[in-house]
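Order of the sequence lines sets the chain letters (A, B, ...), proteins ahead of strands, with each chain counted from 1. For clarity, every value in this text was computed on a predicted model and none was experimentally measured.
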Amino acid sequence: MKLPKAYEAGQYESDIYKLWEESGLFQADPNSSKPHFSMSMPPPNETSVLHMGSALFVTLQDIIARHQRQLGKDVLWLPGTDHAAIATNALIEKQLAEQGTDKHKIGREEFLKRTKEFVAANRDAIIVQLRAMGASCDWGRLRYTLDEALNRCVNEVFVKMWHDGLIYRGHRIVNWDPKLETTVSDDEVERIEKNEPLYTLQYGPFQIATARPETKFGDKYVVVHPDDKRYAQYEHGDTFEVDWLNGKVTATVIKDEAVEPKFGTGVMTITPWHDRTDFEIAERHGLEKDQIIDLKGKLLPIAGEFAGMKINEARPKIVEKLDKLGLLVKMEDRPHNIGLNSRGKGVIEPQIMLQWFIDVNRPAVNWKGQLRSLKEVMRAVVEDGDITIIPKRFEKTYYQWIDNLYDWCISRQIWWGHRVPVWYKGKGDKPEIYVGVRAPKGDGWQQDPDTLDTWFSSALWTWSTLVNQDLAKDYSLSLEDLLQKSGDFKTYHPTDVMETGWDILFFWVARMILATTYVTGEVPFKTAYLHGLVRTEEGKKMSKSDPDSIIDPMEVIPEFGTDALRLALVAGTTAGTDQRVGKTKIVANRNFCNKLWNIARYIQEALGENLRVVPVGRRVTSKSLANHWILNKLSICSEKVNKALANFKFHEAYEILYHFVWDDLADWYIEASKTEPNREVLNHVLENTLKIAHPFAPFVTETIWQNLEYDGLLAAQLWPEVASFDKPKAKQFEVIQSVVADARRVATILELKKPALYYSKAPILEANIELVKRLGRLGEVKASSEGLRLVNATEPVWLAVDKEQARKYRSALEKQIKELKADIERLKSRLASKNYKQNAPKELVEQTETELKEAKKQSGTIKHELDSLGN
RNA sequence: GGGUAAUUAGCUCAACGGCUAGAGCGCUUGAUUCACAUUCAAGAGGUUGUAGGUUCGAAUCCUGCAUUACCCACCA
């Protein structure tokens, strides 16, 4: 088919994707004799739609996958979606509220049914969008975190950890979100700074500071630093009577190093039930703990007349009462950190609760023959180089996170998710307990109502997705057997690359390392590449609460094409660094796609009807200098792009490709070929340029490939092998370029139209007169030596101008000679330094010498020219 | 309080101890229907935040300072 004038992406993309998918090209084959390459897709949340962040990860991973296929590997890029427990649960609850009901009214079963219906619909939308982005993943292996087999893996790991003493149930202080009524992990708590009053209260003989007067009802311990001389007269354990909020209380003095003597008065009272520091102090000294606030965020009867009130409502009233009692010494505004749930932004209220935890400090993991704690293993795999994190600086962030890691609270009080695989029989404090992959036999067992943190199941993602789905139904197999009998697991695990955003380094990357090393004895991936976040053109975070800030990929694609979007994302990306994306960037890259298209269009016309002038391969006959030159450039481009991709330098790879296509191929070679078209070379260069560009811009390249009726699918082609060429001849083309460039430059300055060019003793020009004429937009080109000497050309050439015009050029020459003089001085002084000659590499010194020689020579030429111009 | 980065052309970013610090967008001048105005040609524009240091050589390494962003942490 003859290509139309402009590339209209929307006309081709969906057909092209269908072509790929039906070919089976994206399917991995564990039995293949090719080397294997594997990568898991970070499963998008089912509640969300594809945003720019997802567009970025699809683009980068697709580039990796397509490039690996081109290198002749069997590639598994495994897609999937995540059940996103808290986010989904919250969304459904909101829907219910809008319908005037709630989850308790409809019951657990109905709630789960509705949620399933909702996510199923949404999942389909996400998958459509991933395809629209061109994702070349293996859809036959699509997984979902709540799949039966994955659920079994979750249960198996829970049970295994339980038996190893890595999972325990206990009363610990946790982050409670009264809004969503669930616990969340430490990582899910987001802190914001707010100016709030800090109250100083009179507590018996002491003055204490607090930002939360509403928690002070139960306070019966005052804590001071053991070395604080101001309070040396009090002994640890001393008691005294205090007139307090609701009457007299007996207070006890506690000495603990957690108190900072410099803060306020150096005295504090503690609320162990609602503060982690206080909790730890209480634990150390065996103190009593009282609950003040309930799980809905309301005050309990201990608060007397304030019982039942919400905190915000109660606080001013309590302060008022303190004032009346004469207990309020002063209040002043101070910045204060408030914990919010990152999902839903509910204010976190620490609570002591009976929950399930993962012990990160117990040495129960066999790693490389040593029994270590989860923390130690997580640290070791990165320190030992089993896992490489790109960029490297995130290793430090990762270590810091490990150092501050507490036991991981994994139980959630929501219904959507993997249910805790524990059953209880009997009531009271100590029921009979059963921990198992499946429900216990017999009557009277009740399953724990809680579900597991989403990240617990995501932590297993690299391998739980590779478990054989049918074998997973056979519960006579142990988890170990199951893994060993799963062909995909044996072939594709550990995965090669994990490509994801740095913002989920802790949530996900670290947790995968934790769980996978423990269960499989293998790392989940060898390299973790962390990309930056996509921001708006103004540098703002794209957020749902500010819809104007969002550029929706699904709106960009129909207007500019998927490739334009992909290229725009690649053009701005460096590992770990956030980038800004706006319309201008997308337009610029749409233009690049159109450039490729028009190159193909020109070559199609040049090739005529008989497209396949040369069989695929390296046999082409080059005649002209330009032919050799472009093949040289093509081979350099191919090599550099290949290397940059191998090193995850996506941005660099694209830049090399971009300039090869636009500058070398379009602006020089195609223009040159108009004088002397070489169908074989044109064909060869186009074919291989398409291959190199394909991972970046798969749609336009494949569309061209199909329209030009090349064999098979471009997506199935291997990385180019460039035809042989003659290097010295390639170099000679650069002589022509230098002459052309200088002629153009001078002609522009002097406003000449089609001037004549003269040359003397220049066989290269002599043999390429037509070419020089065309490229340089020149009139006549012949042997002579008059007019204005083109001093920047590497051959002796002159532009035919009259004396008057030539004089106009004097100032340009004078300026240039001035600059040359400075250069010569600089080079001379560099060479004059003994240390330079001794220490710098030989090539560099030689290069400097050459430069100096050339600068001197050119300076001579210009002087001579100036002299001959006269005044 | 601890940490990580950023600071380079008007804007957005590259350059990871060695050519004259590059690119895209924008800007200036010119071209015109022969692949592409989603084009072509030519050009202007930078003392690399700041003060020192190491080195034959520094945007790059080190130290201090300034500004900004982010992450972590139990200052009540």
Side-chain angles (χ1 to χ4, degrees), chain A residues 3 5-7 186-187 191 198-199 208-212 215 223 258-271 275-281 334 336-337 350 391 393-394 396-397 399-401 403-404 502-503 505-506 533 537 539 560 564 568 571-574 576-582 584-585 587-606 649 651-652 655 658-659 666-667 670-671 674 741 744-749 751 753 776-777 819 822-823 826-827 830-841 843-845 847-848 850-851:
Chain A
L3 299 179
K5 203 164 171 179
Y7 173 60
D186 296 342
D187 295 297
R191 284 175 202 281
L198 180 73
Y199 306 91
I208 57 154
T210 183
R212 304 203 54 191
T215 65
V223 190
V259 178
E260 171 57 63
K262 285 189 192 124
F263 185 86
T265 55
V267 190
M268 65 179 197
T269 61
I270 57 168
T271 314
D275 186 283
R276 181 185 267 163
T277 313
D278 296 1
F279 175 81
E280 284 169 4
I281 293 171
R334 250 189 105 88
H336 188 240
N337 280 340
R393 67 169 185 270
F394 278 101
K396 206 161 180 179
T397 316
Y399 294 140
Q400 190 189 328
W401 177 79
D403 292 340
N404 287 312
W502 59 257
D503 53 325
L505 175 61
F506 307 146
L533 309 181
E537 224 157 11
F560 300 99
T573 195
T574 44
T577 307
D578 296 353
Q579 62 167 317
R580 302 177 184 202
V581 171
T584 51
K585 218 174 229 173
V587 169
N589 290 289
R590 187 264 326 253
N591 295 355
F592 177 73
C593 295
N594 195 56
K595 196 64 173 172
L596 273 174
W597 183 259
N598 273 287
I599 288 168
R601 203 159 88 96
Y602 169 77
I603 292 177
Q604 183 185 38
E605 279 168 26
K649 303 203 166 172
H651 160 266
E652 193 185 312
E655 202 170 286
Y658 182 97
H659 290 290
D667 289 347
I670 290 204
E671 288 312 313
K674 286 175 183 172
R744 283 174 182 172
R745 195 175 59 84
V746 175
T748 306
I749 293 172
E751 295 174 327
K753 270 202 178 176
R777 297 172 186 187
E819 284 167 1
D823 280 351
R826 190 171 45 80
L827 294 170
R830 193 185 294 173
L831 284 169
S833 155
K834 236 188 253 168
N835 284 327
Y836 177 69
K837 281 198 169 171
Q838 269 170 19
N839 298 332
E843 310 89 68
L844 203 68
V845 177
Q847 192 190 315
T848 312
T850 318
E851 272 173 39

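For the OP1/OP2 pair of B/G3 and a distance below 4.0 Å, the side-chain nitrogens and oxygens of A/Lys396 include no atom meeting the criterion. For B/U20, one of the phosphate oxygens OP1 or OP2 lies less than 4.0 angstrom from a side-chain nitrogen or oxygen of A/Arg826. For B/G26, neither phosphate oxygen OP1 nor OP2 lies less than 4.0 angstrom from any side-chain nitrogen or oxygen of A/Lys585.
Rounded to whole angstrom, the span from the CG atom of A/Asn337 across to the C1' atom of B/C74 amounts to 11 Å. Rounding to whole angstrom units, CG of residue A/Asn598 and C1' of B/C40 are separated by 13 Å.
A/Asn839 comes within contact range of at least one nucleobase, with a heavy-atom separation under 4.0 Å. Among the protein residues, A/Thr748 comes within range of the sugar-phosphate backbone only, with heavy atoms under 4.0 Å from sugar or phosphate atoms but none that close to a base. At a threshold of 4.0 angstrom between heavy atoms, the contacts of A/Arg830 are confined to the sugar-phosphate backbone, with no base atom among them. A/Arg590 comes within 4.0 angstrom of a base, heavy atoms only. Residue A/Thr574 is classed as a sugar-phosphate contact, given heavy-atom separations below 4.0 Å to backbone atoms only.
In a base pair of the Watson-Crick type (N1 to N3 plus N6-O4 or O6-N4) or a G-U wobble (N1-O2 and O6-N3), with each distance short of 3.5 Å, B/A51 is matched with B/U63. In a base pair of the Watson-Crick type (N1 to N3 plus N6-O4 or O6-N4) or a G-U wobble (N1-O2 and O6-N3), with each distance short of 3.5 Å, B/C25 is matched with B/G10. Across the strands present, B/C40 finds its partner in B/G30; the criterion is a Watson-Crick or G-U wobble pair with both atom distances under 3.5 angstrom. When Watson-Crick and G-U wobble pairs are counted only if both distances are under 3.5 Å, B/U4 pairs with B/A69.
Checking B/A42, B/C40, B/A76 against the side-chain heavy atoms of A/Arg744 singles out B/A42 as nearest. Ranking B/U38, B/C56, B/C25 by closeness to the A/Tyr836 side chain, first place goes to B/C56. If you check B/G24, B/U20, B/C75 against the side chain of A/Glu260, the one that comes closest is B/C75. For A/Arg601, whose side chain is taken as the heavy atoms from C-beta onward, the closest listed nucleotide among B/C19, B/C36, B/C56 is B/C36. Looking at the side chain of A/Asn591, the nearest of the listed nucleotides B/C13, B/G18, B/U39 is B/U39.
Side-chain atoms of A/Lys674 come within donor-acceptor range of the base of B/A35, with a qualifying N/O pair under 3.5 Å.
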*Stepwise side-chain hydrogen bond (donor to acceptor under 3.5 Å, both in side chains) check, A/Glu851 with A/Gln847*: CA-CA 6 Å; A/Glu851 272 173 39; A/Gln847 192 190 315; 3.2 Å; yes

